[in-house]
2 protein chains.
Amino acid sequence: MQPVACQVDEWQSGIVGARIAGASIDEAADFMVSGTKNREFPDTMIKRAKGVTISQVADAAGVARSSVSRAFTRPDMLSPETVERIMKAAEALGYVPNHTARALSTGRHGNVGLIVPDIANPFFPPLIQAAQIEADRSDFCIFLGNTEENPKQEDKLVGRFAGQVEGLVLASSRLSDERIRAHAGQLPLVLINRDIDGIPRVLIDSGSGVSQAVEHLAKLGHRKIVYVSGPSNSWSNKQRRTAIRAAASNLGVAIETVPAVLASYNSGRNAVSAILATGATAAVAFDDLTAQGVLAGLAEKKVSVPGDFSLIGCDDVLGAVTYPALTSVSNRSMEAGRVAVSLLLDMLQSRAIRDVRYVLETHLVVRNTTAAR
Amino acid sequence: MQPVACQVDEWQSGIVGARIAGASIDEAADFMVSGTKNREFPDTMIKRAKGVTISQVADAAGVARSSVSRAFTRPDMLSPETVERIMKAAEALGYVPNHTARALSTGRHGNVGLIVPDIANPFFPPLIQAAQIEADRSDFCIFLGNTEENPKQEDKLVGRFAGQVEGLVLASSRLSDERIRAHAGQLPLVLINRDIDGIPRVLIDSGSGVSQAVEHLAKLGHRKIVYVSGPSNSWSNKQRRTAIRAAASNLGVAIETVPAVLASYNSGRNAVSAILATGATAAVAFDDLTAQGVLAGLAEKKVSVPGDFSLIGCDDVLGAVTYPALTSVSNRSMEAGRVAVSLLLDMLQSRAIRDVRYVLETHLVVRNTTAAR
DNA sequence: GACTTTCATGCAACCGGTTGCATGTCAAGT
DNA sequence: ACTTGACATGCAACCGGTTGCATGAAAGTC
């Protein structure tokens with residue numbers, strides 16, 4: 001843990017390194033800052049927060065510890081006067097039940113874990129946020145884990161979390177079905193965008209929205225469309241490609257696939273030549289970032305959008321911030337996060353696993369990158 | 001917790017509601033799924049994972065519990081043979097030390113909290129990710145909290161976290177100095193982008209980068225520049241405006257401020273008329289999203305960038321995805337997250353508060369939205 | 001061979017709550 | 001007045017580890 005020292009740009013305060021103040025550490029009654037305020041703000045010792053315990057409250061209120069416990073957890077078991085007396089004593093002392101101790105004796109610690117492949121991917125933050133809010137509503141806290149798209153890291157995180165969460169949400173897990181099943185045998189699990197029988201899961205069906213996209217383009221008179229595909233091992237990519245092919249063949253529209261091999265924006269941009277070479281007049285991209293790349297590439301080549309070419313993204317992570325504003329397929333990642341947590345908490349409460357397959361439909365959001373040809 | 005039911009789009013599995021399998025819950029030796037596999041995947045009971053305890057290992061290895069404990073925490077105290085025997089027994093039984101119990105007796109649970117105002121703001125995900133990675137390196141887990149820019153929510157979260165984390169990182173806190181000081185008295189705290197004496201803090205000095213932006217524009221021949229300002233109560237906004245004014249006056253460049261009152265993209269777009277009305281030939285925007293809005297607004301008005309007008313963003317959250325690619329000021333939010341956690345863990349280990357003011361300099365990243373006039 | 005010293009291990013208290021059961025009190029029932 | 005039950009509260013065990021101290025055996029010293 002010396003990275004601080006070697007990456008400092010500027011230490012405004014020259015005072016570094018622990019300086020032990022006069023008082024002994026053990027004596028302190030409370031977490032606090034001590035040390036003489038001689039110069040600026042000297043380094044100071046941390047005194048551990050010796051929290052008020054249930055026994056102290058019990059003594060103060062003249063009752064047994066169990067009564068204090070009950071006053072907080074099941075006040076209906078006690079006479080109103082007793083509860084009040086205890087509460088008054090607790091308040092006076094600043095008592096807060098110790099979460100860890102409670103967790104140990106009850107076996108419930110009120111935490112759930114959420115593991116995502118890449119926090120920085122704009123798809124996830126709304127999901128995380130919604131999950132957090134949902135958990136909060138039930139007084140649960142969220143452990144967040146980031147796997148950097150690495151299955152090994154994911155496995156490791158699951159293991160580390162397992163001991164301190166009651167359940168886990170795995171979003172767009174990169175683990176094999178077997179590993180996921182194994183973990184599901186250890187603790188309650190809910191999946192997002194992984195479809196494994198017997199494990200509760202929330203699926204965002206981008207197929208529906210993508211089909212609408214094709215219909216929309218067909219209606220505008222486009223007869224040949226390109227699908228700019230995403231990562232080949234992605235569940236969503238598979239789903240989208242299938243849906244597009246089906247819709248196109250239904251509508252008698254020609255479809256061609258151009259791969260955007262690498263990560264999103266740049267590969268979209270690089271794919272533009274290939275896209276134009278097909279002679280298509282419109283494209284649907286794997287996701288919004290790819291679409292944004294395509295948009296930039298088209299602008300470079302002076303192809304006007306939507307005048308000369310129509311473009312549709314997917315996941316709607318950009319809002320309407322591109323120019324022209326990108327037509328896209330809604331992503332519902334927020335709902336996915338919320339529902340997954342809600343499902344998980346539900347499982348925890350009922351102590352039952354339900355084989356749930358919760359599907360969220362998506363739809364087309366028409367903006368300004370599509371027009372009649 | 002009934003939101004699931006009322007927002008269902010589609011329940012693929014019709015079997016809903018807990019069905020209790022034959023076996024009694026208490027009997028189960030392990031967390032598992034039971035119930036007859038009659039039809040699809042019927043609902044199944046969760047059996048609590050009755051973990052292997054230290055006593056079982058002790059019995060199996062023929063030693064006292066304390067020896068098992070030591071085998072895991074201070075193996076040097078035991079003879080190598082004993083350690084091996086214990087480890088073998090532990091492995092055979094699949095023993096994993098109970099995190100909660102350990103936390104209770106040691107007072108250390110190996111968690112830190114991270115609270116941000118808005119996960120969905122692209123500024124934060126890299127910060128969160130870096131914090132998470134840094135914590136992971138020391139086997140710490142991260143609690144993530146989202147305040148939705150609401151000080152009350154922030155207060156509440158701090159309180160909830162306080163019981164289960166050893167320390168807390170507050171990023172871009174919206175709390176008053178007093179509240180922050182109060183919390184800092186309760187548990188180790190590190191701030192990001194809040195400058196409060198006596199509390200360890202990591203500050204991203206966007207002033208330096210913004211000054212470079214002004215110099216860059218001046219060098220390109222721009223004599224009048226607009227600053228498109230952000231939220232008036234933002235520490236960063238204040239810092240940036242001040243830096244721009246100073247740099248401009250140094251260089252003899254005229255500066256004018258146009259407020260972008262509301263949230264970023266749209267307000268940037270709406271500010272375009274006012275910006276052009278000033279007669280300036282270049283602008284620096286509070287952040288990249290605002291700049292993106294301005295970019296879109298300029299495109300609408302057929303003002304070519306950078307031909308007719310130069311534009312610089314701030315925070316560099318867009319990468320190079322706009323067209324033309326946006327010149328911006330680096331943000332270093334990743335470093336901020338990493339350093340803040342590192343600082344916090346350092347404090348926890350040394351049990352000392354250091355009055356650290358860690359400043360991260362920023363710099364200009366020149367791309368394609370700036371040109372000579 | 002008696003006397004330290006060293007070292008591995010066990011004992012038992014402790015962390016701070018929760019909870020099943022026993023006890024005591026008081027009012028209702030007959 | 002005596003039984004019965006309901007109810008409020010206390011006792012003590014328990015959750016699953018950690019840790020200061022005691023103990024006893026082996027090794028070292030003279």
Side-chain angles (χ1 to χ4, degrees), chain A residues 26 29-31 48-87 89-90 93-111 139 162-164 166, chain B residues 25-26 29-31 48-87 89-90 93-111 162-164 166:
Chain A
D26 306 331
D30 206 347
F31 176 97
R48 175 151 57 140
K50 289 174 75 168
V52 181
T53 74
I54 205 171
S55 301
Q56 297 176 31
V57 178
D59 289 352
V63 297
R65 299 188 307 158
S66 46
S67 294
V68 178
S69 173
R70 292 189 180 109
F72 279 83
T73 54
R74 291 161 54 188
D76 51 296
M77 281 186 68
L78 267 42
S79 77
E81 307 84 55
T82 309
V83 171
E84 194 187 356
R85 188 151 41 92
I86 292 174
M87 287 310 190
L93 290 162
Y95 169 71
V96 179
N98 180 311
H99 191 90
T100 309
R102 185 175 276 182
L104 179 57
S105 54
T106 59
R108 307 206 50 179
H109 24 38
N111 301 323
D139 283 343
Q164 21 192 357
E166 294 185 33
Chain B
I25 304 176
D26 305 331
D30 206 348
F31 176 95
R48 180 165 34 155
K50 288 175 76 169
V52 181
T53 74
I54 204 171
S55 302
Q56 298 176 33
V57 178
D59 289 351
V63 297
R65 299 188 307 158
S66 44
S67 295
V68 179
S69 173
R70 292 190 180 108
F72 280 84
T73 54
R74 292 160 56 187
D76 51 295
M77 282 186 68
L78 267 42
S79 77
E81 307 84 54
T82 310
V83 171
E84 192 187 358
R85 190 152 38 93
I86 292 175
M87 287 310 191
L93 290 161
Y95 169 71
V96 178
N98 180 311
H99 191 89
T100 308
R102 185 175 276 181
L104 179 59
S105 53
T106 60
R108 307 207 51 179
H109 23 39
N111 300 323
Q164 21 191 359
E166 295 185 32

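Quick note: numbers below take in every heavy atom, side chains included, and nothing from hydrogens, waters or symmetry partners. None of these values were measured; they are calculated from a predicted model. Naming: A, B, ... by sequence-line order, numbering from 1 per chain.
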Contact class for [X] (heavy atom, under 4.0 Å): base, sugar-phosphate, or nothing?
X        : result
B:Val63  : sugar-phosphate
B:Ser69  : base
A:Ala101 : base
A:Leu78  : sugar-phosphate
A:Thr73  : sugar-phosphate
A:Ser55  : nothing
B:Phe72  : nothing

Donor-acceptor pair, distance only, cut-off 3.5 Å: does the side chain of [X] make one with the backbone of [Y]?
X        : Y       : answer
A:Arg85  : A:Ala61 : yes
B:Gln164 : A:His99 : no
B:Ser67  : B:Val63 : no

side-chain hydrogen bond (donor to acceptor under 3.5 Å, both in side chains) between A:Ser79 and A:Thr82, intermediate numbers included:
CA-CA 5 Å; A:Ser79 77; A:Thr82 309; 2.7 Å; yes
If you restrict it to nitrogen or oxygen atoms, what contacts under 3.5 Å exist between nucleotides 20-24 of chain C and the protein, and what is each distance?
from	atom 1	to	atom 2	distance (Å)
C:dG20	O6	A:Arg70	NH2	2.6

So for the helix from C:dG1-D:dC30 to C:dT30-D:dA1, with five pairs setting each end axis, what is the inter-axis angle to 10°?
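Overall, the helix from C:dG1-D:dC30 to C:dT30-D:dA1 bends by 50° from one end axis to the other.
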Taking only side-chain nitrogens and oxygens of [X], does any of them come within less than 4.0 Å of OP1 or OP2 of [N]?
X       : N      : answer
B:Ser79 : C:dT9  : yes
B:Thr82 : C:dT9  : yes
B:Ser67 : C:dG10 : yes

I'd like to know if A:Arg102 reaches the base of C:dG16 with its side chain, counting only an N/O donor and acceptor under 3.5 Å.
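A donor-acceptor contact between them is absent.
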Donor-acceptor pair under 3.5 Å: do we get one between B:Arg65's side chain and the base of C:dG10?
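Per atom types, no contact qualifies.
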Expressed in angstrom and rounded to an integer, what is the separation of [X] atom [atom1] from [N] atom [atom2]?
X        : N      : atom1 : atom2 : answer
A:Ile54  : D:dA12 : CD1   : P     : 17 Å
A:Gln56  : C:dC15 : CD    : C1'   : 13 Å
A:Arg108 : D:dC14 : CZ    : C1'   : 19 Å
B:Gln164 : C:dG17 : CD    : P     : 14 Å
A:Asn98  : D:dC15 : CG    : P     : 18 Å

